[in-house]
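Notes for the one structure printed next.
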Amino acid sequence: MLRWLIGGGREPPGLAEKSPLQTVGEEQTQNPYTELIVLKAHHDIVRFLVQLDHYRFASAGDDGIVVVWNAQVREKDFWDLSGHTQKITAIITFPSLKSGEEKNQVILTASADRTIQAWDCDTGRQIQRVSCFQSTVKCLTVLQRLDVWLSGGNDLCVWNQELDLLCKTGHLSDTGISALIEIPKNCVVAAIGKELIIFRLVAPTEGSLEWDILEVKRLLDHQDNILSLVNVNDLSFVTGSHVGELIVWDILDWTMQAYERNFWDPSLQLDTQQEIKLYQKPNDISIHHFTCDEENVFAAVGRGLYVYNLQMKRVIACQKTAHDSNVLHIAKLPNRQLISCSEDGSVRIWELREKQQLAAEPVPTGFFNMWGFGRANKQASQPVKKQQENANSCSLELIGDLIGHSSSVEMFLYFEDHGLVTCSADHLIILWKNGEQESGLRSLKLFQKLEENGDLY
């Protein structure tokens, strides 16, 4: 059972009723996060978390402030960073501004106020403010190979460590760049509406002292807006769209390696009323987020979770109703585990398990089978369902349900030994701790205190 250290009762009000198809036992024996600590500093939706080092992280959202936290001591690391006048739309960290032989870790934040600000992580000091944008910057990314960072809005800009503008493109689109990733050969992929544009960055040479951005190729294979974009490895990247298209691209020649859109099939639903209700919601097929490893792409599709195997080029496991509302963020953990969070306010832990291959049942014979009754006729009437079940060689099993937020959980960070951090539209940040580990630490501290006071003798 969850033990609250700060905040209200065990089950906060306002949570959507959990789907009866996906529940986990009250004890949750495989869920280590049985203690939680509520962190309060924001006064609006907290949308972003970024990890600074092994124990520090920063949070940002619609109130325009950045707060740096220490997951180890469970408190703010220093004062809130206030400078934006509107909501923050993107945040990254970047090593910049050399101090002797060391580089300070810098937080870069973009805002709807059309500015980008740089903050020193160690002092909380605002380093610089850039306000030359004609539109809101929606995404930021760092190119480690070239030691520069990019901002994406209605145009694409390249910046150095000192926040000097090196070069930029012309006006690309009124919708703006929604996502950016780095690929080899000094190239980046930008998602703009339903298009993907490949840009190549040209660094200064002896013949040219200036940076330049060249448009190399446009990929027009998506039928709707691209919502998610992730780099799998040096061979491929993956994109996902609003209408549920997953495309695997060759990272060197930008050709399509695989295409998948069979995430949603109403004919496979068991409950007819539920089938009609879900089918009327277009967001149930939208791919909101990706994470991946060398073997699989894990996709948040509507309310469900899907595991797409890159070698077999098919879905090997899925939970079509993993949450009661859209899944916003997923991450892969060690030991074949996966974490997801949703608009319904829940955070859930899953385990990817191999399915045991069952021997085929013999076709029964007898009076009922002679006249078309019984198992054989029933099996013949459901070929689509059996084929789908056999196609999934793995399963996603729910092993933990973290109940703490009263509104949409926007994203989370995994801190290994220091726990799990979640942020939400309820203005709160929750630090989830391993209950058994925390109990052991408290017992050890108590023992040390008693020993220091001489109470053990």
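FYI, side chains are in, hydrogens and waters are out, and symmetry mates aren't considered; it's all heavy atoms of this structure. If you're wondering where the values come from, they're calculated on a predicted model, not measured in any experiment. Heads up: numbering here begins at 1 and tracks the sequence.
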Checklist entry - Would you find more than 12 non-hydrogen atoms of other residues, nucleotides or ligands less than 6.0 Å from K332 atom NZ? => result yes
Next on the checklist: Taking K87's backbone N and O only, do any of them form a donor-acceptor pair with S111's side chain (distance below 3.5 Å, no angle check)?
Outcome noted: yes
Checklist entry - Charged N to carboxylate O under 4.0 angstrom, D293 versus R336? => result no
Checklist entry - Counting heavy atoms not belonging to H171, are there more than 12 under 6.0 Å from its NE2? => result yes
Checklist entry - Mind checking whether F412 and H329 have parallel, tilted or perpendicular rings, split at 30° and 60°? => result perpendicular
Item to check | Worked check of salt bridge (Lys or Arg N to Asp or Glu O under 4.0 Å) between R56 and D122 | outcome: CA-CA 11 Å; R56 290 188 305 165; D122 296 324; 3.4 Å; yes
Item to check | Step-by-step ring-ring contact (aromatic ring centres under 6.0 Å, His included) determination, Y308 to F298 | outcome: CA-CA 6 Å; Y308 181 87; F298 304 89; over 10 Å; no
Checklist entry - For the residue pair H323 and W350, does the interplanar ring angle fall in the parallel (under 30°), tilted (30 to 60°) or perpendicular (over 60°) class? => result perpendicular
Checklist outcome for this item: Rounded to the nearest 0.5 Å, the CE atom of M256 sits from the CG atom of L219 at a distance of 8.5 Å
Checklist entry - Are the side chain of S424 and the backbone N or O of S407 linked by a donor-acceptor pair below 3.5 Å? => result yes
Next on the checklist: Parallel, tilted or perpendicular, judged at 30° and 60°: which one describes the rings of H418 and Y55?
Outcome noted: perpendicular
Item to check | Ionic contact status for R47 with D62, cut-off 4.0 Å | outcome: yes
Next on the checklist: Using a 6.0 Å cut-off, check whether atom CD of E416 has over 12 heavy atoms from anything other than its own residue.
Outcome noted: no
Item to check | R145/D234 salt bridge by N-O under 4.0 Å criterion | outcome: yes
